Amino acid sequence: MSVEQQLKEAMERHVSGVQASPGLGRAVRRGRRASTIRFRTAGAPLAVAAVAGAVPAYQALTTSPSTQAEDVASRR
């Protein structure tokens, strides 16, 4: 008898009397749903904050210093 066959038989003996409770599937789905809601609730403000910080930084890095000076002079 091979090792794989022995392992298969041992596992079958070990789990032969195990049964899942009737509410286990519902509990797993409920936990997954709560995790998804928490992730979305926390993720939306983080995404907004990242974009709100990235846009001005990008604009400051891409405009040339002479353009910035002209903008300041034109405002005065």
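Because the structure is a prediction, the values reported are computed rather than measured.
Annotation: the span from H14 atom NE2 to L7 atom CG amounts to 11.5 Å, rounded to 0.5 Å. A distance of 12.0 Å separates CD in E9 from CD in E4, rounded to the nearest 0.5 Å.
Checking side-chain atoms of S35 against main-chain N and O of G31 turns up no donor-acceptor pair under 3.5 Å.
In the displayed structure, E12 atom CD is contacted under 6.0 Å by more than 12 heavy atoms of other residues, nucleotides or ligands.
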